[in-house]
Amino acid sequence: MISKRTHCAEQLHLNRNMFQCPVCGAAMDTAMQKSLVCMHGHTFDIAKQGYVNLLTRPIHTHYDKTLFEARRRIIVGHGFFDPLIEALAEQIMGLMNDSAHILDLGCGEGSHLAKICQLLAIVQSNNIRGFGADLAKEGIQSAAKIYPNQNWLVADLAYPPFNVHLFDFVLNILSPSNYHTFDRMLKPGGSIIKVIPGSEYLRELRFSLFGEEKTHYSNADTFSLFQQHFPNALTQKISYTIPLNQEGIRDLIQMTPLTWNVSEMKRKQWLEKSSATITVAFEILVGSKSH
Ligand SMILES: [Zn+2]
């Protein structure tokens, strides 16, 4: 069996024409199956876990290993995002031709992108290429470890290290928007698929943490900004409930930024529950870039 590093190097080599040096903008290629190097010698080593860190300076994020582990358990163990992921795969299937290059900006621990590529591969066996980029190294490390079929990069999400206009789809799932980047990354005719929380998202948790008036989340500003950039935007609302056991509740509390600034007492009330049913709601915004 080949090592993760070699496997990653082979995939990067296959996609070598897509990369652009984050330091100088020059073309890149793999070298000795060990690194990604630009023609001016800027070198980024392939980690043994099977990813490349293309950040030019360290960036601190709030997202650590514990958070990504909690997130992964709730995704895989409880199917927390399954209906959303199926809806995203369907959106892509409806829009794609015979191939798709997909970039997930802010991919975290990679489960969403990997699952979407898996679903697409069932109907389109070839030509699905997934690229996941995130600022948090801990997320990318976990992604590379578990999902070797996609390309995983630690990268600046404002300036992803790719040549312009290469992607058929850019995914932006519960992650901040950067419209300039979306435009640079998308092919003409390509689509941005953005997921934002629906107004009922985690309503049970919101109600008990913040009271009646903050039970509903407002995403109106995000939506109107999206529409300014993509006047042809289409939306799909999706909502379901998930039963969680005590372990699931703990993982949810750990992974959601909602609980980062609340009192220990309020957190504890949730951590001590033996079960709960949680509303999960999203809006999927789809916008296409003009030809
Ligand atoms: Zn360079």
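In this text the structure is predicted, and so the values were computed from the model without any measurement. Numbers for residues simply follow the sequence, beginning at 1. Whatever order the structure lists ligands and atoms in, that order sets their numbers, starting from 1.
- Between E69 and S142, the side chains place no donor N or O within less than 3.5 Å of an acceptor N or O (distance only, hydrogens not considered).
- Nearby protein atoms of type N, O or S around the Zn ion (ligand 1) amount to 4 (distance under 2.8 Å).
- Not a single salt bridge (charged side-chain N to carboxylate O under 4.0 Å, His left out) links K48 to another residue, sequence neighbours left out.
- Counting non-hydrogen atoms of other residues, nucleotides and ligands closer than 6.0 Å to CE of M39 gives a total of 12 or fewer.
- The aromatic rings of Y159 and H180 stand perpendicular to each other, their planes meeting at an angle above 60°, with 30° marking the opposite boundary.
- Residue-environment remark: NZ (K145) stays at or below the threshold of 12 foreign heavy atoms within 6.0 Å.
- Side chain to side chain, K187 and H101 fail the donor-acceptor criterion of an N or O pair below 3.5 Å.
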